[in-house]
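Quick note: residue numbers are just sequence positions, from 1. Just so we're clear, the structure is a prediction, and the values are computed from it rather than from any experiment.
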Amino acid sequence: MNKGQKMLDPETIHRNVNGGWLRPAVFGAMDGLVSNFALMIGVAGGSKAIGAENTTAIVLAGFAGLLAGAFSMAAGEYTSVASQAELAMAEIELEKQELRENPEREIRELAEVWMKRGVSETVALQFSKELSSNFDAFADAHTSEEFGVTAGDLPSAKLAAISSFIAFALGATVPLIPYMFGLTDILYSMVISLIGLFGAGVVVSFVTTRTWWYSGTRQLLIGSGAAALTWFLGTTIGAAL
């Protein structure tokens, strides 16, 4: 290396924020833990209100909630992501048709995008014209500017469905763990679920800008609040039966 020559810092490798798996996985795990915890707490509260805590009913409700929720999450995510991708592809095909029918106008349109960012008209037009020789790259540039997506960057509906199914099932399993080891008091389920809520929040902080304690505490408060409300409603309904 020549004297005075600076060594370039290695380029930061950014995480993929548009892969289609992170949101359903995080949402699925949180939803599985919170909803199944609240469901089991509600059944426990209702059975206590009528004078006998029914362990079998609580466990059955927990497993039913796990299976129903996991399949529901997977189906919902698949339909949602697939519909979003189909809509995006329809718009992309429409944009490609416009590129084929009026390439000169589209060359000028893309050049104007760069001109608004400070590129000179000559350079912007030259770049846009050269890019138009590669139709796919030209189309990607247009769709990225106009819709924020490209044909090769759409989330996978199958990946979203599988991620949400597995994540929901894992989250929903947490409040059932004590019962799997013969601990039938709902208190054990409450303790492990609250720990799980805080831990899930901490895990989320690793892929966000929030601190671990803030993310963990936030999820703990949200989940415990939902469970407390369900306990109250379950007790109220059980007492009225």
Side-chain angles (χ1 to χ4, degrees), residues 13-43 58-96 136 139-140 143-144 146-177 179-180 189 192-210 215-216 218-220 222-223 225-227 230:
I13 299 176
H14 295 282
R15 291 166 290 187
N16 183 0
V17 297
N18 195 34
W21 66 270
L22 180 59
R23 184 190 64 83
V26 171
F27 180 70
M30 294 295 189
D31 191 30
L33 177 51
V34 173
S35 63
N36 221 30
F37 176 39
L39 173 62
M40 293 171 66
I41 285 290
V43 173
I58 295 172
V59 174
L60 182 60
F63 278 106
L66 185 158
L67 294 173
F71 282 114
S72 177
M73 280 288 296
E77 281 294 334
Y78 182 88
T79 302
S80 174
V81 175
S83 299
Q84 182 182 6
E86 289 164 2
L87 174 61
M89 282 304 301
E91 292 299 316
I92 289 172
E93 289 302 319
L94 181 61
E95 182 66 23
K96 286 183 176 180
D136 289 335
D140 284 346
T143 59
S144 179
E146 295 183 31
F147 319 130
V149 296
T150 63
D153 197 33
L154 296 175
S156 167
K158 290 181 180 179
L159 180 60
I162 293 172
S163 298
S164 60
F165 181 90
I166 294 174
F168 186 98
L170 290 175
T173 300
V174 173
L176 284 165
I177 291 176
Y179 293 95
M180 296 177 183
S189 183
I192 196 171
S193 295
L194 293 175
I195 294 173
L197 286 168
F198 185 82
V202 172
V203 171
V204 171
S205 72
F206 295 148
V207 293
T208 66
T209 58
R210 294 294 188 182
S215 184
R218 177 177 62 181
Q219 190 57 38
L220 175 63
I222 293 173
T230 309

Legend entry - Non-hydrogen side-chain atoms of Phe63 and Val59 separated by less than 4.5 Å: yes
Legend entry - Flag if over 12 foreign heavy atoms under 6.0 Å of CZ, Phe71: no
Inset, instruction - Report yes if some heavy atom in the side chain of Val34 is under 4.5 Å from a heavy atom in the side chain of Gln219; otherwise report no. - result: yes
Inset, instruction - For the residue pair Thr143 and Glu91, establish whether any side-chain heavy-atom pair is separated by less than 4.5 Å. - result: no
Inset, instruction - Please name the pair of heavy atoms, one in Ala85 and one in Pro155, separated by the smallest distance, quoted to 0.1 Å. - result: CB-O, 4.4 Å
Legend entry - N/O donor-acceptor pair under 3.5 Å between Ser189 side chain and Pro175 backbone: yes
Inset, instruction - Identify the heavy atoms of Thr150 and Ser144 that sit nearest to each other, and give their distance. - result: CG2-CB, 4.0 Å
Inset, instruction - Starting at CZ of Arg218, measure out to CZ of Arg210 and round the result to the nearest 0.5 Å. - result: 6.0 Å
Legend entry - From CZ (Phe168) to OG1 (Thr173), nearest 0.5 Å: 9.5 Å
Inset, instruction - Just do the side-chain contact (heavy atoms from CB on, under 4.5 Å) check on Phe37 and Thr230 with the steps written out, would you? - result: CA-CA 9 Å; Phe37 176 39; Thr230 309; over 6 Å; no
Inset, instruction - Begin from the C-alpha positions of Lys158 and Val81 and carry the test side-chain contact (heavy atoms from CB on, under 4.5 Å) through to its verdict. - result: CA-CA 9 Å; Lys158 290 181 180 179; Val81 175; over 6 Å; no
Inset, instruction - Output yes when a side-chain donor or acceptor of Asn36 lies under 3.5 Å from a complementary backbone atom of Gly62, and no otherwise. - result: yes
Inset, instruction - Kindly compute the distance separating CD (Gln84) from OG1 (Thr79), expressed to the nearest 0.5 Å. - result: 12.5 Å
Legend entry - Atom pair CE/OG of Met73 and Ser80 - distance to nearest 0.5 Å: 10.5 Å
Legend entry - Distance in Å, Glu86 CD paired with Leu154 CG, rounded so as to fall on 0.5 Å steps: 10.5 Å
Inset, instruction - Return yes if some donor-acceptor pair links the side-chain N/O of Ser164 with the main-chain N/O of Ala161 below 3.5 Å, else return no. - result: yes
Inset, instruction - Taking all heavy atoms of Met40 and all of Leu176, pick out the closest pair and write down the distance. - result: CE-CD2, 3.8 Å
Inset, instruction - Taking all heavy atoms of Ala151 and all of Asp140, pick out the closest pair and write down the distance. - result: N-OD1, 4.0 Å
Inset, instruction - Answer yes or no: is there a side-chain heavy-atom contact under 4.5 Å between Tyr78 and Ile162? - result: no
Inset, instruction - Over all heavy atoms of both residues, which pair between Ala88 and Val149 is shortest? Give the atoms and the distance, please. - result: CB-CG2, 4.3 Å
Inset, instruction - State the CG-CG distance between Leu220 and Leu197, to the nearest 0.5 angstrom. - result: 6.0 Å
Legend entry - pair Phe165-Glu77: side-chain heavy atoms closer than 4.5 Å: no
